[in-house]
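Below you'll find the structure, written out as structure tokens, and then a few comments.
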2 protein chains.
Amino acid sequence: MQEPTLLLLTALADAPRHGYALIQEIAVISDGRVKMRTGTLYSALDRLLQQGLIQVERDEVIDGRARRTYALAEAGRATLAAEADRLRAVVAEADRRLRTIRPTARGALA
Amino acid sequence: MQEPTLLLLTALADAPRHGYALIQEIAVISDGRVKMRTGTLYSALDRLLQQGLIQVERDEVIDGRARRTYALAEAGRATLAAEADRLRAVVAEADRRLRTIRPTARGALA
DNA sequence: ACGGCATATGCCGGTGAGCGATATATATCT
DNA sequence: AGATATATATCGCTCACCGGCATATGCCGT
């Protein structure tokens with residue numbers, strides 16, 4: 001799973017949201033660093049629907065504009081939790097190794 | 001940055017290693033879940049060299065077999081640290097949201 | 001009245017990482 | 001002799017991501 005997908009599932013974890021709201025939510029989550037393009041968003045939503053990780057919550061028309069709201073499915077919830085666990089482990093390992101004194105690297109302290 | 005790349009940089013964070021050793025080290029880091037293919041490995045190493053994130057530590061011949069050892073460059077160390085920070089934040093956010101009671105989801109408590 | 005911005009969804013083509021397969025070569029173990 | 005481990009390298013396919021484009025409405029400022 002790549003980061004845009006991870007961010008999408010994360011953005012849906014606490015509440016259902018529609019496409020445009022997801023773009024804004026992801027900007028907030030990533031502290032403004034990630035501005036997801038609609039090409040990425042809607043193709044990812046299609047894919048995640050296909051995989052059963054998310055589901056369509058409802059279709060509405062607000063002020064003449066179509067709005068489709070997506071919700072995280074149970075499978076998506078489980079997938080996100082598993083992915084978070086895996087990444088947490090890798091990040092912890094990276095931190096541990098970055099703090100290690102490097103035995104043979106040029107210019108190492110030891 | 002995708003996960004194989006993250007794992008490669010992590011595997012080089014504590015000590016320089018050659019290609020084949022990296023495959024094994026990544027299997028250890030990922031608790032046996034990731035068996036990196038040589039196609040992924042060597043093309044990634046080429047790319048990371050190109051980007052200046054890693055460097056060639058030395059070339060040797062051990063028991064008649066060529067062996068090229070790679071080391072994490074300073075830029076790679078910084079990149080890995082930054083990536084770890086970013087991922088840690090996203091994972092924390094995912095955890096927080098997964099623990100949140102969902103306001104409007106079907107069957108939600110509230 | 002008109003331009004620009006925000007809201008909102010959707011498609012299309014290019015790029016590039018990842019991956020499976022394949023090739024090559026040596027040493028060791030059975 | 002054959003299988004397994006060590007070790008590097010290349011090739012072509014696929015697919016997620018991304019930039020760009022298209023479409024449409026509502027709102028705000030001038």
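To find a chain, count down the sequence lines: A is the first, B the second, and so on, and within it residues start at 1.
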For the residue pair A:L80 and A:L9, what are the closest heavy atoms and their distance?
CD2-O, 3.6 Å
A:R67 side-chain proximity, nearest of D:dC18, C:dT9, C:dC11:
C:dT9
Taking only side-chain N and O atoms of A:R68, does any of them lie within less than 4.0 angstrom of OP1 or OP2 on C:dT9?
no
Starting at atom CG of A:L22, determine the distance to atom C1' of C:dT9, rounded to an integer number of angstrom.
13 Å
B:Q51 CD to C:dG16 P, straight-line distance once rounded to whole Å:
11 Å
Please give, in whole Å, the distance from C:dG16 P to B:D46 CG?
15 Å
N/O (side chain, B:T38) to phosphate O (OP1/OP2, D:dT8) under 4.0 Å
no
Separation of atom CD in A:E25 from atom P in C:dT7, rounded to whole Å:
13 Å
Within less than 4.0 Å of OP1 or OP2 of C:dG10, is there a side-chain N or O belonging to A:Y42?
no
Can you measure B:D63 atom CG to D:dA5 atom P for me and round it to whole angstrom units?
17 Å
Within the pair A:T5 and D:dC17, is there a side-chain N or O less than 4.0 Å away from OP1 or OP2?
yes
Using heavy-atom distances to pick each residue's nearest nucleotide on DNA chain D, tell me which of A:A44 and B:Q24 is more 5'.
B:Q24
With no hydrogens and no angle check, is any side-chain donor or acceptor of B:R77 less than 3.5 Å from a backbone partner on B:A13?
yes
Mind calculating the distance between CD1 (A:I26) and C1' (D:dC18) to the nearest angstrom?
14 Å
Looking only at heavy atoms, which two atoms of A:Q55 and A:A73 are closest? And how far apart?
NE2-CB, 3.5 Å
For A:G19, which contact category applies under a 4.0 Å heavy-atom criterion: base, sugar-phosphate, or nothing?
sugar-phosphate
Does a side-chain N or O of B:Q2 approach OP1 or OP2 of D:dC17 to a distance below 4.0 Å, or not?
no
Should the pair A:D95-B:R88 be classified as a salt bridge under the 4.0 Å nitrogen-to-oxygen rule?
yes
Identify the heavy atoms of A:R17 and A:L12 that sit nearest to each other, and give their distance.
N-CD2, 3.6 Å
Counting just side-chain N and O atoms, does B:R65 come under 4.0 Å of either OP1 or OP2 of C:dT24?
no
Nearest-Å distance for atom pair CG/C1', residues A:L41 and D:dC18:
12 Å
Per atom distances to the B:P4 side chain, the nearest of D:dT6, C:dG18, C:dA6 is C:dG18
B:R37 side chain, from C-beta outward: closest of C:dG20, C:dG18, D:dA7:
C:dG20
In whole angstrom, give the distance that lies between atom CE of B:M36 and atom P of D:dT8.
14 Å
